Amino acid sequence: MALFAVLQTTFLLALLPLRTYQSEVLSEPLPLTPESLNVSINSTKQCLHLQWTVHNPDYHQEFKMVFQIQISRFKASNVIWLENYSTTVKRNQVLHWSWESELPLECAIHFVRMRTMVDDARIPAPRLWSNWSSWEKADAQNSLGDHPLYVFPKDKLVEEGSNVTVCYISRNHQDNISCYLEDVLIYGRQLDQNVWAFEFKNVSFIRKTGTNFYCKGQGDPEGVVLLVSKVLEEPKNFSCETQDLKTLTCTWDPGNDTGLIQLPSYTLFESFSGKKTLCKHRNRCDWQVTQDSQEMYNFTLVAENYFRKRSVSILFNLIHGVHPMAPYSLFPKSVSATNATVTWKVYSIGSSSALLCQLQLLGEGKVIQQHNISVRVNGEYLLSELKPDTEYMARVRCAYADHFWKWSELISQNFTTAEAAPSEAPDVWRDVTFVSGHPTVTLFWKPLSKVHANGKILFYNVVVENLDEPSSLKVLSVPAPANSTKVTLNQSSYQICVTAHNSVGPSPASTVAISGHPGNENVEEGRMNGTEDGFPMSWKPQSRNATGYVVEWCDSPQHLPCVLRWKNLGPTNTDTVISSGAFRPGVRYNFRIYEISTKRMAHLLEKKAGYLKELAPSYNPKVNMSNLTSHSFTLSWKDYPTESQTGFIQGYYVYLKSKTGEKCHRGFEKTFLTDNSVCCKYTIDNPDQKTFVVKDLQPESAYEFLVTPYTSAGEGPLDDFRKVTTPDEYSHILIHIILPMVFFVFVIMIICYLKSQWLKDKCYPDIPDPYKSSVLSLIKFKENPHITIMNVNDCVPDAIEVVNKPEGSKMQFVGTRKSPTETKGTKPAYLDLLPTEKNYSGPGPCICFENFTYNQAASDLGYCGHFPVTPQAPHCQLGPLTSPENLLKTLEQSYMNSLGEIPAGEANLNYVSQLASPMSGDRESPPTNPPEPALCSEYKMQMAIPLGLASPARSENSSLSSTALLDPREHCH
Amino acid sequence: MQDPSTLLDPYIRLQGLHSPVLQEHCRERPGDFPSEDALWRLSRQDFLQTLNTTLGLILRMLSALQQDLPEAAHQQAEMNVRGFGNNIHCMAQLLRGSSDPKAAEPTQPGPGPTPLPPTPPSSTFQRKLRNCGFLRGYHRFMRTAGQVLRGWGERQGRSRRHSPCRALKRGARRTRPFPEIRRLAPRGQPPR
């Protein structure tokens with residue numbers, strides 16, 4: 001055989017050059033030239049499928065050959081692909097080769113040819129290519145109709161991230177084709193006269209229904225849908241298990257959906273048995289366990305879609321993968337206050353296998369008991385040490401006892417234990433107030449905790465026992481959930497017991513003792529500071545026999561009524577920290593610490609006040625300003641309570657701002673406010689001082705002031721400055737003078753008004769009515785026929801008194817008190833018209849009209865006296881005359897008759913003008929021709945004097961007024 | 001059912017056909033549904049018959065479009081069509097049992113070709129456009145059917161003698177298979 005092989009090889013080697021030579025020279029096809037080349041088109045996969053044979057009748061053995069394949073597009077000369085395909089060729093074997101085009105095959109004609117070469121080591125070189133086969137044409141456009149526009153590829157399925165080429169064929173060259181990818185106009189590359197291509201790289205998933213690409217010319221749009229699939233993921237967490245050793249269930253996480261309507265397929269393959277099954281679900285597959293006791297399984301899960309195939313394998317031991325089904329029928333039974341029995345059932349596995357079940361008891365969501373029980377069919381367990389009236393949850397799960405792998409699902413059941421009597425006395429405290437000497441006790445108690453209540457508390461019993469009268473018992477029943485009651489007692493000592501009752505029975509009693517008299521409340525209050533944890537406080541015990549201490553306080557002291565809180569402490573405690581969620585910063589809390597005696601009597605030990613955190617005052621006191629002078633004023637804020645502030649008031653700041661920017665006064669310090677304004681600040685470090693005098697101010701200056709308290713946390717708001725302006729320095733003096741003067745004048749005016757009648761009487765009394773004069777009555781009484789009233793008309797003036805008035809001189813009232821110098825310039829001159837006194841020697845009757853109001857002093861001095869008057873004649877006749885005219889008329893009309901009775905010879909009348917009546921000055925400077933003393937009648941002008949003129953005339957003006965009234969022409973008719 | 005937002009709009013959104021170019025070509029094709037003129041020309045009996053037939057076609061199309069429509073919209077549309085078809089069927093039965101002369105009027109020129117399910121196009125893209133046009137036609141047809149039924153009610157007001165409503169009432173009094181029939185389409189209640 002070896003010899004034969006050598007000979008054969010030698011023959012071949014000798015033959016091949018010969019064949020080559022023949023092909024080159026004779027152009028004869030070599031026997032190894034591919035024959036029957038057939039090209040088919042798979043449009044869906046865009047593949048050209050080649051099929052050919054190599055017919056060589058000379059050789060019967062296999063040869064390794066190389067096929068060089070050329071692919072051209074549109075025309076044969078446009079080679080776009082060249083590939084060598086090597087394979088082993090048998091005689092007359094039909095060979096296949098495929099080529100996938102990136103361009104849809106419908107858009108271009110393809111040409112294919114090939115040549116071969118023996119590539120077998122048994123055949124020595126040189127190795128020569130055969131001749132090319134003839135071009136085979138692949139034309140998919142033949143199947144197209146006469147539609148003017150075609151777009152390819154139809155319904156292309158592509159994977160996300162891949163590249164895809166879309167093309168269109170337009171039969172109408174004149175048509176203007178626009179193409180869109182999802183509404184976006186895109187431009188392609190022209191491949192041929194009527195073929196355009198569009199390359200999309202790294203395509204992404206848009207929607208399950210595909211990405212639309214369409215082109216539009218004159219007619220309807222033509223398009224394709226690119227079905228983009230997300231990349232198929234490898235299944236994760238692939239595992240298998242069995243619940244009953246009969247059926248295996250394998251599960252996995254398929255990962256993200258590929259996003260296509262066509263779902264990937266999942267196949268489960270078991271290598272030991274060689275079986276496989278197509279899974280109905282994308283994440284789970286069932287496998288029937290065979291009866292041949294196969295224990296080991298080698299599973300391979302294959303996920304496959306159009307583009308990819310993913311697989312994952314596990315080696316599985318059936319016994320090690322038992323996951324029992326959840327137990328069922330879990331029930332509690334025989335539930336008492338502290339015990340309960342629970343029962344449940346399980347699904348059996350196999351014929352003799354047992355399950356390990358775990359029973360858990362949960363209270364308030366936490367596992368408080370856990371027990372493992374081996375169960376075949378029915379499970380039962382007694383749970384003990386339970387709490388009364390408590391809800392529990394019992395839950396059970398089971399696992400395969402032979403080989404634990406995984407617990408089953410849990411089942412659970414709730415149950416509640418029965419009630420029991422409360423186990424602890426309620427925490428009781430009291431608030432004692434004395435009304436009319438009788439104590440009124442308000443008892444408070446805290447609800448029992450659930451642990452101690454052992455059931456629903458229905459009511460509280462309050463037993464009040466008078467210790468002074470042991471037989472006196474008073475029982476109150478207070479229904480729950482009340483937590484207080486009020487008891488009015490007398491001045492005896494009492495012991496009060498409080499018990500809580502539920503449906504089973506009462507709790508132990510809580511006892512407090514009340515004294516009938518108020519205790520010592522005069523305990524000085526101390527201060528303390530709160531911390532984040534609360535109020536730490538300590539106290540000094542007073543008695544060694546104290547049974548405990550109680551600290552009480554109000555949670556919200558700013559709100560009434562007080563929500564009383566207390567804390568019980570043991571006898572060994574002398575300090576504690578009081579904490580409460582109700583404590584707030586800036587609130588003053590008052591604590592009272594009581595010592596509890598052996599008789600359960602509470603004695604006040606200490607009082608403490610403090611803030612959890614002090615805050616700056618939230619508002620300023622209302623300040624009153626007083627005593628404003630040009631140099632000072634006083635501030636006071638007496639009604640500002642310090643106890644209700646947001647911190648311990650340590651003092652006050654008095655801010656003073658001066659607009660003149662003067663320096664700060666003594667005691668003040670310069671400071672800057674938040675608005676960068678300069679201000680003077682005075683610190684009052686005594687919180688009880690609530691007045692302040694601001695001194696050393698400038699008169700007529702504007703100031704602003706503010707009083708704000710401060711605590712350890714800061715001062716109050718600096719936003720309410722008040723303004724004040726100091727007055728002028730002398731204004732107060734003026735006020736001190738002017739005001740009293742005005743007052744004095746006012747008083748004088750009032751007095752004058754009230755005494756006007758008196759003044760009138762004193763200053764200008766009424767002119768007496770001559771008709772009513774007493775002279776008349778006297779005349780009548782004497783019946784002296786010689787005495788009568790002078791008729792003025794009958795008077796014959798015997799002399800004219802000429803008054804020489806120098807220019808500027810003024811008339812003077814007759815009888816007014818004038819200084820001699822004033823009257824010097826008015827010396828009247830008298831002209832005798834009748835024989836006068838010089839010639840008249842005998843006495844005669846003389847009537848003198850005297851007005852005492854006019855000149856009382858003169859009258860008193862007897863101005864008329866120098867005229868001799870008969871003793872019978874009245875000294876003066878008085879009568880009212882309101883004016884000279886009236887006077888004359890009255891004299892004419894009223895006394896005519898009377899006068900007529902007087903004989904003219906007997907009545908020697910000397911009429912003298914009133915303007916020339918003798919005055920005081922006249923006495924010192926008698927006229928040139930002074931009348932002789934004789935019986936004469938002297939008339940003095942009677943007039944009313946205005947009130948203002950009643951006082952002695954001091955000025956020339958007064959004289960002028962009088963002059964206007966006393967025109968001499970009016971008096972002489 | 002006349003409202004495109006119940007079926008057509010969800011379809012357009014789901015298929016990505018919202019571009020103006022595609023909207024322009026989302027048109028009802030002639031022959032998918034009877035035209036308005038054709039419906040008006042029909043006798044009442046024929047109208048109801050045509051309506052019933054078309055509703056059957058719509059149901060088949062809806063079934064084919066199940067994967068291409070939002071599930072909620074598809075279910076709602078299917079229920080509406082079924083309910084409306086039931087009403088039409090009952091009306092047709094009542095009309096047939098009545099002596100309304102209009103009901104027996106000879107059928108005028110028919111509504112055109114009997115609606116047939118549209119032939120599935122070759123490509124998915126064309127199928128999308130085709131379905132879009134079909135759904136648009138569906139809404140148009142339902143609107144037209146409503147107008148025709150309302151026209152019945154108006155004619156009834158003008159001529160009570162020839163009122164199909166009275167005929168329906170007579171039929172209802174005789175048979176009354178469903179008491180609610182009087183509240184249905186004879187009054188011209190358009191399909192919604």
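Here the structure is a predicted model, which is why all the values come from computation and not from measurement. Sequence lines set the chain letters: A, B, ... in the order given, protein chains first and strands last, and positions in each chain run from 1.
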(request) Could you check which of A/Thr211, A/Asn212, A/Val151, A/Asp220 has the highest count of heavy-atom pairs closer than 4.5 Å to chain B? (result) A/Asn212
(message) Taking CD in A/Gln193 as the centre, count heavy atoms belonging to other residues, nucleotides or ligands within less than 6.0 Å. Is the count above 12?
(response) no
(message) Please report the interatomic distance CD(A/Glu182) to CG(B/Leu22), rounded to the nearest 0.5 Å.
(response) 9.0 Å
(message) Please report the interatomic distance NZ(A/Lys154) to CD(B/Gln126), rounded to the nearest 0.5 Å.
(response) 6.5 Å
(request) Enter the distance from B/Gln15:CD to A/Arg207:CZ here, rounded to the nearest 0.5 Å. (result) 8.0 Å
(request) Tabulate, in ascending numerical order, the residues of residues 221-230 of chain A having at least one heavy atom closer than 4.5 Å to a heavy atom of chain B, or enter 'none'. (result) A/Pro221, A/Glu222, A/Gly223, A/Val224, A/Val225
(request) Tell me, yes or no, whether the heavy-atom count around B/His89 atom NE2, taken from other residues, nucleotides or ligands under 6.0 Å, exceeds 12. (result) no
(message) A quick test of your reading: do over 12 heavy atoms of other residues, nucleotides or ligands sit less than 6.0 Å from CD of A/Glu409?
(response) no
(message) For the backbone of B/Ser123 and the side chain of A/Asp155, can you confirm whether one donor and one acceptor N or O come within less than 3.5 Å of each other?
(response) no
(message) Can you confirm whether more than 12 heavy atoms, excluding those of A/Lys236, are under 6.0 Å from its NZ atom?
(response) yes
(request) Flag the pair B/Gln67 / A/Thr209 as yes when at least one side-chain heavy-atom distance between them is below 4.5 Å, and no otherwise. (result) no
